[in-house]
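This report refers to the structure that appears directly beneath it.
Note that the structure is a prediction, hence the values are computed from the model and not measured. All residue numbers in this chain count up from 1 along the given sequence.
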Amino acid sequence: MDITTRDKVVARFGEKLLETSTAFDELTFLIDKGDLLAVVRFLRDDPALKYLHLSDITATDWLDRPKRFEVVYHLYSFDLRDYVRVKVRVGEEEPIDSLCSEWDGANWLEREVYDLFGVKFTGHPDLRRILTWEGFEGHPLRKDYPLTYEVPQFTYNKDEPPEVIK
C-alpha cells in the first residue's frame, strides 16, 4: 500500500518533499510547513488514498537544531488500511497552520502540542492549555524544561514535609 501512496504523493508534490522514508512499513513525508495544508488535503481528498482519519498530532523536540520541533501528523486510510506520517519542522517561535479547518479532531490534539511543547498553531479557534492549568509556566515536554522531583507524602512520612529536589 505504501507504494501507491508514495508514488501519488511524489508525483503530485515532487521536489517539495524534503524527505521520504519508510520504517516498520509506515511511510513518512518530511515537508516544508508552507506545504502542510496542500499535502494533507491531497492525502485526504485523493479518491485512491482517502486518508480520512487524523489519528494523532504530536511533536518531538530536537534541542540542538535551529528548527527544534518536528510536528508529526498521523493519518489513516480505512480503504487502504494504512497509516502515513507527515512531519513538519518548525522553530521555537515559528507558528504552523492549524488543521482545525480540515479535521474537527485537530482542535484538542493541537492544544495538547501547544501546552506540552509550546508550538503555536495559526488559525486555531481556541489555542489554550489543555493538560496544565492557565498560569502554568513552561512546556513540560521540552528538553530544556527543568526537571524536579517531589517526595510523595504517605502515612509513614506524614510528619516530614515533602521535599522538592531541583
Side-chain angles (χ1 to χ4, degrees), residues 1-10 12-13 16-65 67-134 136 138-145 147:
M1 298 296 176
D2 284 347
I3 294 171
T4 301
T5 302
R6 178 191 301 261
D7 293 345
K8 289 186 81 67
V9 172
V10 167
R12 174 69 171 83
F13 294 99
K16 287 187 172 186
L17 300 173
L18 303 176
E19 187 179 304
T20 302
S21 61
T22 302
F24 305 103
D25 293 328
E26 290 189 14
L27 183 60
T28 301
F29 297 107
L30 176 65
I31 61 171
D32 185 74
K33 74 173 198 167
D35 298 324
L36 175 64
L37 288 174
V39 171
V40 297
R41 283 176 181 153
F42 177 76
L43 288 165
R44 182 193 62 194
D45 298 339
D46 186 275
L49 300 179
K50 294 184 181 176
Y51 285 89
L52 301 175
H53 179 63
L54 174 66
S55 66
D56 193 21
I57 302 173
T58 188
T60 55
D61 185 1
W62 300 86
L63 188 57
D64 56 339
R65 291 182 182 169
K67 293 186 177 228
R68 70 182 278 186
F69 298 108
E70 278 187 353
V71 181
V72 184
Y73 301 87
H74 295 99
L75 303 174
Y76 184 74
S77 170
F78 294 99
D79 288 359
L80 300 176
R81 296 181 186 166
D82 188 43
Y83 281 97
V84 68
R85 187 177 303 121
V86 178
K87 293 182 177 182
V88 178
R89 290 183 178 149
V90 294
E92 192 166 338
E93 297 298 324
E94 194 177 353
I96 186 170
D97 288 333
S98 171
L99 295 188
C100 288
S101 62
E102 308 303 317
W103 282 278
D104 289 337
N107 189 321
W108 283 40
L109 299 171
E110 289 177 349
R111 285 179 61 188
E112 184 178 347
V113 171
Y114 166 71
D115 190 7
L116 299 178
F117 289 94
V119 175
K120 295 182 178 101
F121 293 89
T122 304
H124 191 285
D126 186 19
L127 193 60
R128 59 187 163 101
R129 292 187 178 271
I130 190 168
L131 296 173
T132 60
W133 60 95
E134 290 298 325
F136 182 85
H139 303 282
L141 290 185
R142 286 186 173 194
K143 287 190 173 176
D144 55 358
Y145 186 80
L147 296 177

Quiz item: Which atom pair, heavy atoms only, marks the closest approach of Y73 to I57?
Solution: CD2-CG1, 3.6 Å
Practice problem: Return the minimal non-hydrogen interatomic distance between L43 and L49, and the atom names on each side. | Solution: O-CB, 3.7 Å
Quiz item: How would you list all residue pairs meeting side chain to side chain donor-acceptor pair (under 3.5 Å) that involve residues 33-42, not counting sequence neighbours?
Solution: R41-E102
Quiz item: Any salt bridge (charged side-chain N to carboxylate O under 4.0 Å, His left out) pairs touching residues 118-131, not counting sequence neighbours?
Solution: E93-K120, D115-R129, D126-R128
Practice problem: Please identify each residue that fulfils ring pair (Phe, Tyr, Trp, His ring centres under 6.0 Å) with Y76, with sequence neighbours left out. | Solution: F78, Y83
Self-check item: R111: salt bridge (charged side-chain N to carboxylate O under 4.0 Å, His left out) partners, not counting sequence neighbours
Solution: none
Quiz item: What residues form a salt bridge (charged side-chain N to carboxylate O under 4.0 Å, His left out) with K143, not counting sequence neighbours?
Solution: none
Quiz item: Looking at side-chain heavy atoms only, is the closest gap between K16 and D32 below 4.5 Å?
Solution: no
Practice problem: Flag the pair T132 / P140 as yes when at least one side-chain heavy-atom distance between them is below 4.5 Å, and no otherwise. | Solution: yes
Quiz item: Between K87 and T28, is any pair of side-chain heavy atoms under 4.5 Å apart?
Solution: yes
Exercise. Could I get the full list of salt bridge (charged side-chain N to carboxylate O under 4.0 Å, His left out) partners for D104, not counting sequence neighbours?
Key: none
Quiz item: Where do K50 and R44 land on the side chain to side chain contact (heavy atoms under 4.5 Å, CB included) test, with the steps shown first?
Solution: CA-CA 5 Å; K50 294 184 181 176; R44 182 193 62 194; over 6 Å; no
Exercise. Heavy atoms only: give me the nearest D97-E110 pair and the separation to one decimal.
Key: O-OE2, 4.3 Å
Quiz item: What pairs of residues pass the ring pair (Phe, Tyr, Trp, His ring centres under 6.0 Å) test when at least one of them lies in residues 90-109, not counting sequence neighbours?
Solution: none
Quiz prompt | Nearest atoms (heavy-atom pairs only) where V84 meets F29 | solution = CG2-CE1, 3.6 Å
Quiz item: What distance do L63 atom CG and Y145 atom OH have between them, rounded to the nearest 0.5 Å?
Solution: 15.5 Å
Quiz item: Do D61 and E92 come within less than 4.5 Å of each other through their side chains, counting heavy atoms only?
Solution: no
Quiz prompt | Contacts of type side chain to side chain donor-acceptor pair (under 3.5 Å), residue T122, not counting sequence neighbours | solution = none
Quiz item: Do the side chains of Y114 and I130 get nearer than 4.5 Å, heavy atoms only?
Solution: no
Self-check item: Polar side chain donor-acceptor pair, T5 to Y51, under 3.5 angstrom
Solution: yes
Quiz item: Considering all heavy atoms of both residues, which atom of S98 and which atom of C100 are nearest to each other, and what is their separation?
Solution: OG-N, 3.0 Å
Exercise. For side chain to side chain contact (heavy atoms under 4.5 Å, CB included), just list the numbers for F13 and V39, CA-CA rounded to whole Å, side-chain angles, deciding distance to a tenth of an Å, and then say yes or no.
Key: CA-CA 8 Å; F13 294 99; V39 171; 3.9 Å; yes
Quiz prompt | L36 to I31 - nearest heavy-atom pair and separation | solution = CA-CD1, 3.6 Å
Quiz prompt | Qualifying residues under side-chain contact (heavy atoms from CB on, under 4.5 Å), relative to L141, sequence neighbours excluded | solution = L116, F117
Quiz prompt | pair T58-H74: side-chain heavy atoms closer than 4.5 Å | solution = yes
Quiz item: Do R68 and R142 touch side chain to side chain, with heavy atoms closer than 4.5 Å?
Solution: yes
Quiz prompt | Side-chain touch L37/L99, heavy atoms, less than 4.5 angstrom | solution = yes
Self-check item: H124: side chain to side chain donor-acceptor pair (under 3.5 Å) partners, not counting sequence neighbours
Solution: N107
Self-check item: Straight-line distance of L27 CG to T22 OG1, nearest 0.5 Å
Solution: 4.5 Å
Quiz prompt | Results of side chain to side chain donor-acceptor pair (under 3.5 Å) for S77 - residues two or more places apart only | solution = none
Exercise. Check step by step if salt bridge (Lys or Arg N to Asp or Glu O under 4.0 Å) holds for E70 and R65.
Key: CA-CA 10 Å; E70 278 187 353; R65 291 182 182 169; 3.1 Å; yes
Quiz item: Can you tell me how far CG of L17 sits from CZ of R6, rounded to the nearest 0.5 angstrom?
Solution: 10.0 Å
Exercise. Can you sort out the partners of E112 under side chain to side chain donor-acceptor pair (under 3.5 Å), two or more places apart, ordered by chain and number?
Key: none
